[in-house]
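Everything numeric here is computed off the predicted structure, so don't read it as measured data. Numbers restart at 1 for each chain; the letters A, B, ... are given by sequence-line order, proteins then strands.
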2 protein chains.
Amino acid sequence: MHTQVIDTLKKNQLSITDSRKTILQLFMESDGALAHMDIENNTGEEFDRVTIYRTLQTFVDKGIIHTIPSADNAIRYALCKDACSEGHHHDNHIHFMCDHCSTTYCLDHVEVPALQLPGGFMASRTDMVVSGCCNRCSK
Amino acid sequence: MHTQVIDTLKKNQLSITDSRKTILQLFMESDGALAHMDIENNTGEEFDRVTIYRTLQTFVDKGIIHTIPSADNAIRYALCKDACSEGHHHDNHIHFMCDHCSTTYCLDHVEVPALQLPGGFMASRTDMVVSGCCNRCSK
DNA sequence: TACCACATTGCAACATAGTTGCAAAAAATA
DNA sequence: TATTTTTTGCAACTATGTTGCAATGTGGTA
Ligand SMILES: [Zn+2]
Ligand SMILES: [Zn+2]
Ligand SMILES: [Zn+2]
Ligand SMILES: [Zn+2]
């Protein structure tokens with residue numbers, strides 16, 4: 001259980017620290033995306049806010065987690081399941097945010113459709129976020 | 001020039017105030033989307049921060065402007081060109097944020113593609129935000 | 001035009017989200 | 001274990017957004 005966490009950290013040439021182990025473990029145990037506040041709530045007083053921000057940024061930089069934009073002013077993060085690496089994310093799936101339970105899902109099997117942009121516009125990244133009612137809340 | 005601003009406010013049963021006139025005029029003169037800070041910079045000391053927030057919220061509620069989510073923690077707003085009304089937005093176009101000049105465009109002619117969601121997921125809104133290099137910066 | 005009812009604004013205070021510099025502590029390395 | 005390097009915690013700061021309330025402005029009526 002811990003081995004996968006440590007393997008991932010080592011593979012990305014990150015030193016093994018308590019905060020990185022704990023936060024990465026949290027992501028691996030969670031099925032939805034996590035906001036900074038979710039992590040702060042789940043780890044209690046264990047780590048400083050700043051440490052959590054820096055750990056998340058490190059993970060994003062290394063291609064371990066990716067960000068999910070939102071209109072509610074709280075960036076969410078989720079594990080990269082695709083072959084992301086330092087500086088190169090390839091998370092080409094859509095995200096779903098539930099209006100009721102606020103859970104944010106990576107819909108790994110729903111790809112972001114290709115677009116034909118007007119002349120002169122060059123895409124480097126495409127975010128597609130769907131909101132509505134999730135499969136647990138619609139039951 | 002002013003008439004269109006006042007017409008829009010009247011059509012939406014909003015009282016005509018300085019802040020509403022000035023801010024709506026700003027949107028009509030601007031080709032890109034505006035963040036709260038852009039408006040504050042453009043109006044100087046004329047209005048309180050809170051008034052700007054409340055004016056933007058009112059315009060969103062009335063279907064005059066729509067929001068554009070982002071990962072940089074600053075919601076942007078743009079005029080609704082489609083037939084939006086109170087409580088019912090139909091802004092079905094994609095948005096483009098330039099990594100260089102930070103301009104955010106409504107690409108009105110590029111529709112958000114329809115999606116097949118997994119069972120149980122029901123969409124109420126879809127946001128598609130593309131980032132990269134815009135037509136002015138790529139020249 | 002003057003009055004009144006109601007809506008809007010400004011202010012103060014608060015809440016949440018995120019950043020920076022630096023010294024102390026912990027990991028990696030030798 | 002000793003040394004080097006990285007990471008952490010703290011304090012202070014910036015940006016973003018909200019709420020309650022008294023003062024002001026707007027729209028309608030006489
Ligand atoms: Zn749900
Ligand atoms: Zn994802
Ligand atoms: Zn738009
Ligand atoms: Zn540009």
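Spacing between atom CG of B/Leu56 and atom P of C/dT8 amounts to 15 Å, rounded to whole angstrom units. The NE2 atom of A/His36 sits 19 Å away from the P atom of D/dA15 (whole-angstrom rounding). With rounding to whole Å, A/Ile6 atom CD1 is found 12 Å from C/dA27 atom P. Between A/Arg54 atom CZ and C/dA17 atom P there is a gap of 18 Å when expressed in whole angstrom units. Spacing between atom CZ of A/Phe47 and atom P of D/dC10 amounts to 13 Å, rounded to whole angstrom units. Taking atom CD of residue B/Gln13 and atom P of nucleotide C/dC6, one finds them 17 Å apart after rounding to whole Å. For the pair A/Met37 CE and C/dA17 C1', the interatomic distance rounds to 8 Å; values are reported in whole Å. Atom P of nucleotide D/dT16 and atom CG of B/Leu34 are separated by 14 Å, given to the nearest angstrom.
With hydrogens and angles left out, the side-chain atoms of A/Thr104 and A/Arg76 include a donor and acceptor closer than 3.5 Å.
For B/Ile16, the side-chain atoms get nearest to D/dG27 when compared with the rest of C/dA17, D/dT16, D/dG27. Ranking D/dT8, C/dA17, D/dG17 by closeness to the A/Arg49 side chain, first place goes to C/dA17.
Contact annotation: B/Thr17 does not reach the phosphate of D/dG25 (side-chain N/O to OP1 or OP2, under 4.0 Å). Residue A/Thr51 places no side-chain N or O under 4.0 Å from the OP1 or OP2 atom of D/dT7. Taking side-chain N and O atoms only, B/Ser15 has no distance below 4.0 Å to OP1 or OP2 of C/dA7. For B/Thr55, no side-chain nitrogen or oxygen approaches OP1 or OP2 of C/dT8 to under 4.0 Å.
Nearest-nucleotide positions on DNA chain D place A/Val50 closer to the 5' end than the other of B/Val50 and A/Val50.
Classification of the A/His66-A/His93 ring pair by plane angle, with boundaries at 30° and 60°, yields perpendicular.
A search for ring pair (Phe, Tyr, Trp, His ring centres under 6.0 Å) contacts involving B/Phe121 returns A/Phe96, A/Tyr105, not counting sequence neighbours.
One finds no salt bridge joining B/Asp48 and B/Arg54 here, because no Lys/Arg side-chain nitrogen approaches an Asp/Glu carboxylate oxygen to under 4.0 Å.
Side-chain contact between A/Met97 and A/Val129 is present, with at least one heavy-atom pair separated by less than 4.5 Å.
Residue contacts shown for B/Glu46 are limited to sugar-phosphate atoms, with no base heavy atom under 4.0 Å away. Looking at heavy-atom distances under 4.0 Å, A/Arg20 makes contact with sugar-phosphate atoms alone, never a base.
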